[in-house]
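Below is one structure, written out as structure tokens; the observations come after it.
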Amino acid sequence: MRDDARKKDFGREEERTRNDEIAGLTDERDTVDKLRVLSRQEYLKKRETQKLELLRDEIEMQQRLLHLQDLTLEEQRELAHKQELYRLATQRAKLIGDRELEDEGDESGLAPYRLPEAYVDERTNKSDKEKRFAVLTARYKDQIASKNNAKTEQQTWEEHQILSAGRLGAEIRDIGDKHYDLVMNESVDFLAQEILAGSDQDIHLERTEFDPRQQIQEQRKSLPVFRYRKELIQAIRDHQVLIVVGETGSGKTTQIPQYLVEEKFGRVCCTQPRRVAAMSVAARVADEMNVKLGDEVGYSIRFEDATSAKTIIKYMTDGMLLREFLSEPDLAQYSVIIIDEAHERSLSTDILMGLVKDIARFRGDDVRVILSSATMNAEKFSAFFDDAPLFRIPGRRFPVDILYAKSPEADYLDACCVTVLQIHATQPQGDILVFLTGQDEIELAMENLAQRTRGLGSQLGELIISPIYATLPSDQQAKIFEPTPPGARKVVLATNIAETSVTIPGIVYVIDPGFCKQKGFNPKTGVESLVVVPVSRAGAIQRAGRAGRMQAGKCFRLYTKWSYLHEMEENTVPEILRTNLTQTVLLLKSLGIDDLIHFDFIDPPPTETLIRSLEQLYALGALNDRGELTKLGRRMAELPLDPMMAKCIVQSEKYDCSEQISTICAMLSVNNSVFYRPKDKAVMADAARAAFSRGGGGDHIALLNCYNAWRDSNFSTQWCYENFVQFRVMRRARDILEQLDHLLDRVEVERKSNPDIIAIRKAMASGFFYQACKLQKSGYYRTLKNPHTVHIHPSSSLYKSERLPKWLIYHELVFTTKEFMRQVFDIEPSWLMEIAPHYYTSKELIDTSHRKMPKQLGRLEGAKVK
DNA sequence: CTCTCCCT
């Protein structure tokens with residue numbers, strides 16, 4: 001009906017405006033009818049827009065909360081359906097909108113559609129949290145209430161669980177001598193060697209048809225953890241610290257806090273290494289307990305505190321709990337502290353373990369500590385907590401066949417692509433996940449695959465290639481969740497974001513070349529590194545497990561079994577051993593922990609790292625010469641920033657530019673992903689980016705200009721689009737800036753604005769004077785302290801400058817292919833004398849250039865031969 | 001001529 005009306009309205013002969021049309025009619029009755037139709041159309045159009053928004057919100061919520069965790073098949077189908085619906089609807093709305101604009105000129109003002117990519121999570125208004133959750137819960141309620149829905153989501157979920165239980169069981173399969181018929185003239189040979197066993201759980205439930213709440217309870221009972229409930233509770237009563245070893249799918253994260261509350265243990269907090277996990281688990285548990293999220297069950301993550309005085313189960317990020325120590329050092333408000341996913345060994349988790357161990361001793365029987373971990377490291381945790389007992393809960397997953405390469409592959413990227421095609425040609429339906437090391441490699445692999453499939457003819461089904469990595473714009477990220485059309489096969493090329501952070505539905509095959517990029521830190525030189533290293537066996541197992549989420553799967557390892565057993569490390573080196581700890585040291589210092597060298601770390605970081613951090617904090621004035629926290633240090637610790645940036649903010653007052661410095665710090669906190677540079681529009685993207693540094697002043701000023709321009713556009717999505725800036729990243733910068741702005745009061749820094757780029761750079765230098773370097777005759781730079789040669793990163797606005805500045809300060813130094821300075825700005829050496837006379841001697845800062853430098857000083861000539 | 005991934 002709507003279509004008819006539209007067709008009529010926009011038919012061939014309707015070139016005239018609507019008003020003309022009405023005026024041209026003679027029959028009054030016709031006019032009324034016509035008006036009725038028009039007003040109906042207006043109404044429908046408005047309603048359509050509302051519906052679209054609702055749909056988009058639903059999709060967004062589902063993606064944020066659920067896709068990143070586990071989705072049932074039904075949920076996937078539903079989401080896919082909604083996405084398709086939304087896509088078609090927006091497309092149609094856009095078409096109509098365009099035509100209307102043509103017809104009506106500017107006066108329409110109806111904004112009939114939103115940009116298609118906006119549905120992911122690009123939103124400007126922030127007050128939609130409640131609405132989002134309302135939509136989410138409504139989805140459950142609607143389905144439960146609706147009688148014509150054959151199955152509620154809960155039923156489907158339950159059926160899926162039951163089905164899984166029935167199918168599971170570590171079947172031993174005869175895969176020993178299986179080989180594949182290859183269509184390609186080249187191939188990678190694999191040996192099938194082992195099976196990552198599925199679960200041995202075998203639970204059958206009576207199917208019943210009573211009310212939905214009871215079904216949720218039934219579903220809870222079907223989780224593996226349920227049958228151990230009694231023993232588990234007893235163990236927690238008997239032991240102050242308990243290590244719960246449960247694999248994915250055991251239900252430990254959602255159930256144990258509920259058991260504790262049911263047994264009246266008091267307030268429970270449960271930490272997660274990731275924000276989405278904290279949110280989605282809290283939403284799930286609130287639903288199971290039939291309470292509103294934010295009441296009895298809540299979550300607390302940066303920028304979002306969904307808790308209240310009523311909250312008795314609080315999910316939070318590990319970093320958030322660490323911050324809570326600052327205001328309440330004994331965490332007295334919690335009776336039980338659960339540290340979940342402890343095996344991931346995130347920096348925050350490791351520090352938490354040390355602190356919590358101390359609390360446990362201090363608070364005695366008043367507190368219970370539960371560490372929840374996968375099998376790896378469990379014994380180590382137990383040893384750390386004075387031989388705390390282990391409690392094992394079997395998990396639930398499907399078996400995964402693991403196949404090794406017969407011989408080592410020289411070119412693993414090529415081998416990957418060949419293996420993808422082998423799978424495509426010989427294996428039953430199911431999508432493929434390939435683990436690569438970075439964006440670069442993913443793009444290469446995409447080209448390689450595209451080329452190979454072109455030559456393959458049409459016998460094989462379509463191969464849909466989707467990349468995923470953290471800095472990929474979110475509209476493109478969403479593509480990996482689109483369902484694969486029948487007959488086609490999806491290949492997801494991922495970084496290790498797919499190891500833990502996102503779960504891609506439909507993956508049956510995993511290709512693991514055995515490498516990843518890993519951060520490192522050399523405490524002697526202070527240089528960070530980001531280099532490709534072999535994954536650990538634990539990492540390889542994690543990757544393989546990604547194939548067994550929906551059904552039995554296969555994992556193709558592009559390395560030999562021998563190298564798996566003899567060349568790969570057992571576990572990934574924990575983050576605390578390969579990272580700069582200055583911020584952590586400041587935090588611990590402000591918690592009153594003076595003797596850091598003897599702090600109870602589960603893995604003590606290198607002493608050099610700690611000493612270096614202490615030295616740096618001393619140089620910044622956060623510690624005095626006895627290593628005690630100064631008032632300045634206390635203020636710096638309040639800010640959720642690296643101490644160097646914190647110092648800039650505190651010092652910015654002197655230069656009357658706290659607003660500018662906060663903005664720059666916010667922009668620096670979102671990691672290097674502000675500017676988007678698609679390959680096909682690289683020239684335009686570079687031009688757009690260059691515009692921000694037109695006034696000079698280096699990368700920091702460019703970031704400031706960028707943020708201010710966006711702010712002046714009223715935080716427009718369109719502006720971002722036109723300037724090759726990532727909206728998602730900018731919004732995050734805005735959130736950080738907002739938080740920093742609040743904190744300015746707490747650290748007693750006055751809000752002041754000063755656009756002078758010299759003042760701004762001096763304020764930045766007052767935190768980063770440590771990281772200065774000087775141009776050499778060679779055309780390269782040399783750091784002033786710990787002298788070594790460094791290079792401007794090619795993404796910097798100063799990279800191509802005609803006349804390289806003689807003195808630079810860098811934000812970070814990372815070794816990848818070279819020692820690159822990321823984000824740099826130029827300074828005068830006299831500033832360093834002014835700002836850090838305690839740190840530099842005037843001899844170090846003598847401007848020797850007119851004496852030693854050749855004529856074309858500072859120019860690239862000859863220095864870099866292309 | 002280039003930036004794994006999380007967190008406050």
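In what follows, chains carry the letters A, B, and so on, assigned in the order in which the sequence lines appear, proteins first and then strands, with residues in each chain numbered from 1. Keep in mind the model is a prediction, meaning the values are calculated, not measured.
Nucleic acid contact class of A:Gln439 (heavy atoms, under 4.0 Å, all strands): sugar-phosphate only. Residue contacts for A:Arg323: at a heavy-atom cut-off of 4.0 Å it reaches a base atom on one of the strands shown. Contacts of A:Arg345 with the nucleic acid, taken as non-hydrogen atoms under 4.0 Å apart, are absent. Across all strands shown, A:Ile497 has heavy atoms under 4.0 Å from sugar-phosphate atoms exclusively, and none from any base.
Minimum atom distance to the side chain of A:Arg822 is reached by B:dC3, of the listed B:dT4, B:dC3, B:dT8. When distances run from any side-chain atom of A:Met320 to the nucleotides B:dT2, B:dT8, B:dC1, the shortest one goes to B:dT8. For A:Tyr799, counting side-chain heavy atoms from C-beta on, the closest listed nucleotide (B:dT2, B:dC5, B:dC1) is B:dC1. Which of B:dC7, B:dC1, B:dC3 sits closest to the side chain of A:Pro794 comes down to B:dC1. Closest to the side chain of A:Arg732, from the set B:dC1, B:dT8, B:dC3, is B:dT8.
Rounded to a whole Å, the CZ atom of A:Phe675 is 15 Å from the C1' atom of B:dT2. Computed from coordinates, the A:Leu436 CG to B:dT4 P distance equals 12 Å when rounded to whole Å. Nucleotide B:dT2 holds its P atom 16 Å from the OH atom of A:Tyr469, rounded to whole Å. The CD1-P distance, from A:Ile301 to B:dC7, rounds to 8 Å in whole Å. Between the P atom of B:dT2 and the CG atom of A:Asp686 lies a distance of 14 Å, rounded to the nearest Å. Between the CD atom of A:Glu575 and the C1' atom of B:dC7 there is a distance of 9 Å, rounded to whole Å. Atom CG in A:Leu586 sits about 18 Å away from atom P in B:dT8, given to the nearest Å. For the pair A:Asp350 CG and B:dC7 C1', the interatomic distance rounds to 13 Å; values are reported in whole Å.
The side chain of A:Thr317 contributes no N or O atom lying less than 4.0 Å from OP1 or OP2 of B:dC6. Put simply, A:Thr495 has a side-chain N or O that comes within less than 4.0 Å of OP1 or OP2 on B:dC5. Between A:Arg275 and B:dT8, a side-chain N or O to OP1/OP2 separation shorter than 4.0 Å is present.
In this model, no side-chain donor or acceptor of A:Ser348 finds a partner on the base of B:dC7 within 3.5 Å.
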Please tabulate, for the side chains in residues 679-686 of chain A, all donor-acceptor contacts under 3.5 angstrom to protein atoms that are two or more places apart in sequence or on a different chain.
from: A:Lys679; atom 1: NZ; to: A:Glu443; atom 2: OE1; distance (Å): 3.4
from: A:Asp686; atom 1: OD1; to: A:Arg677; atom 2: NE; distance (Å): 2.7
from: A:Asp686; atom 1: OD2; to: A:Arg677; atom 2: NE; distance (Å): 3.3
from: A:Asp686; atom 1: OD2; to: A:Arg677; atom 2: NH2; distance (Å): 2.9

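Applying the salt bridge (Lys or Arg N to Asp or Glu O under 4.0 Å) definition to pairs two or more places apart or across chains, those involving residues 494-503 of chain A are A:Glu499-A:Arg543.
Less than 6.0 angstrom separates the ring centroid of A:Phe768 from the ring centroid of A:His811.
Cation-pi geometry between A:Arg689 and A:Phe724 is not satisfied (NZ or CZ under 6.0 Å from the ring centre, within 45° of the ring normal).
The shortest side-chain heavy-atom distance between A:Tyr676 and A:Leu472 does not fall under the 4.5 Å cut-off.
Closest-nucleotide positions on DNA chain B for A:Gly319 and A:Arg578 were compared, and the one nearer the 5' end corresponds to A:Arg578. For the pair A:Arg274 and A:Lys517, nearest-nucleotide mapping onto DNA chain B gives the more 5' position to A:Lys517.
A salt bridge does not link A:Arg537 with A:Glu567: every distance from a Lys NZ or Arg NE/NH1/NH2 to an Asp or Glu carboxylate oxygen is 4.0 Å or more.
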